[in-house]
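Here's the structure, in structure tokens; my notes come after.
Counting begins at 1 with the first residue of the sequence.
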Amino acid sequence: MSSDETALSASSAVLYGILNGLAEQKIVPGQRLVEVDLAEQYQVSRNSVREALQQLAAQGVVELLRNKGAAVRSLSLQETREVLDVAERMTGLLAKSAALGIAAGQPSDPIREALAELERANAAQDVDAFARARRGFYRALLQTSGSRELKRLFPSIQMPIVYAQHRPATLQKVRMRDYQLMCDAVLRGDASAADEAGMAHVRNVREAIFRGLSSDPG
């Protein structure tokens, strides 16, 4: 492995470690990210940590603050709405693209296996496993879609922050039901139904989040 590949691997370990930490509630919006601590935690150089933080800043997940280092971004209510608006369109497009892939002969096994993993995690009420399975589900949709642009753009949607910042009690139930509906449409190769199921999923997430906020006495 070349030195450039080693550096890429090291920075990727930090990048995905932070994203996983958000999904698994081990890192929270607003939390400071200290270079020396991350370097020690992931056993990488501080240059690799800086590279990962710069990539996350470009995705809008991390803010680089002058003289204060880095912190996980917190979203205002308006920013949360804007992220969900983008996610609604993009999730519909992703599901539609995956359905077109199935209709064109792409194998269905990756999506079926991803859904089964979600169902196992949901049955076990394992939050960490569900977060990992959710990421696997979207990777399977991206793989099936075959769209290079979706592979480039979809991970930049700031849903990890939305989920880390807003955790209504009904959210996992909403997501599991919606993922099943999305899969049904995608596996039928029904692009129109998949598009609607993907958008409906994000609308349901939005409703769960803002219903939770309106009922919060704080």
Taking only residues two or more places apart in sequence or in another chain, which ones pass side-chain contact (heavy atoms from CB on, under 4.5 Å) with [X]?
X	value
Asp190	Arg188, Ser192, Ala193
Arg50	Glu35, Arg46, Asn47
Arg81	Leu77, Gln78, Phe210
Ser145	Leu94, Ser97, Ser147, Leu150

Check for a donor-acceptor pair, side chain of Thr144 on one end and backbone N or O of Ala98 on the other, with a separation under 3.5 Å.
no
Verify, without hydrogens or angle tests, whether Asn204 (side chain) and Ala200 (backbone) share a donor-acceptor contact under 3.5 angstrom.
yes
Arg203/Glu196 ion pair, N-O < 4.0 Å:
yes
Could you tell me the separation between the [atom1] atom of [X] and the [atom2] atom of [Y], rounded to the nearest 0.5 Å?
X	Y	atom1	atom2	answer
Leu84	Ile157	CG	CD1	10.0 Å
Gln158	Arg73	CD	CZ	4.5 Å
Gln55	Ser156	CD	OG	13.0 Å
Leu153	Arg148	CG	CZ	12.0 Å
Thr80	Gln165	OG1	CD	5.5 Å
Ile18	Leu56	CD1	CG	5.0 Å

Within the 3.5 Å criterion, strictly below it, is a donor on Arg175 or Asn122 matched to an acceptor on the partner's side chain?
no
Do Ser48 and Ser45 pair up side chain to side chain, a donor and an acceptor below 3.5 Å, judged on atom types alone?
yes
Under the criterion side-chain contact (heavy atoms from CB on, under 4.5 Å), I'd like the reasoning laid out for Glu79 against Val162: C-alpha separation, chi angles, the key distance, then a yes or no.
CA-CA 9 Å; Glu79 288 169 333; Val162 171; over 6 Å; no
Determine whether [X] and [Y] make a side-chain contact, defined as any pair of heavy atoms from C-beta on separated by less than 4.5 Å.
X	Y	answer
Gln180	Glu119	yes
Arg206	Asp85	yes
Arg135	Asn20	yes
Glu113	Glu117	no

Dump the intermediate steps for side-chain contact (heavy atoms from CB on, under 4.5 Å) on Leu187 and Leu115, then the final yes or no.
CA-CA 11 Å; Leu187 293 172; Leu115 181 61; 5.7 Å; no
Consider only side-chain heavy atoms of I, L, V, M, F, W and Y, link residues closer than 4.5 Å, and tell whether [X] and [Y] are in one cluster.
X	Y	value
Leu93	Val83	yes
Val44	Leu19	yes
Val86	Val202	yes
Tyr138	Val174	no
Phe154	Tyr163	yes

Testing the basics here: between [X] and [Y], what is the closest heavy-atom pair and its distance to 0.1 Å?
X	Y	value
Gly30	Ala71	O-CB, 4.2 Å
Ile111	Cys183	CG2-SG, 3.6 Å
Gly60	Ile161	O-CD1, 3.5 Å
Thr91	Gly198	CG2-O, 3.5 Å
Ala114	Ala140	CB-CB, 4.0 Å
Leu53	Ala70	CD1-CB, 4.0 Å

Using the side-chain hydrogen bond (donor to acceptor under 3.5 Å, both in side chains) criterion, which residues pair with Arg112? Sequence neighbours excluded.
Ser108
Determine whether Asp126 and Arg120 satisfy the following criterion, salt bridge (charged side-chain N to carboxylate O under 4.0 Å, His left out), listing intermediate values before the conclusion.
CA-CA 9 Å; Asp126 186 328; Arg120 284 191 290 270; over 6 Å; no
Please step through side-chain contact (heavy atoms from CB on, under 4.5 Å) for the pair Val28 and Val72, ending with a clear verdict.
CA-CA 7 Å; Val28 297; Val72 178; over 6 Å; no
Neighbour count >12 (heavy atoms, 6.0 Å) for atom CD, Glu82:
yes
Can you confirm whether Arg89 is buried at CZ, in the sense that more than 12 heavy atoms of other residues, nucleotides or ligands lie under 6.0 Å from that atom?
no
Report the relative orientation of the aromatic rings in Tyr179 and Phe130; use parallel for angles under 30°, tilted for 30 to 60°, perpendicular for over 60°.
parallel
Can you list, by chain and residue number, the hydrophobic cluster partners of Val36 when the side-chain cut-off is 4.5 Å?
Val34
Assess whether side-chain contact (heavy atoms from CB on, under 4.5 Å) is satisfied between Met159 and Arg134, documenting all intermediate values.
CA-CA 12 Å; Met159 288 304 288; Arg134 175 184 172 275; 4.1 Å; yes
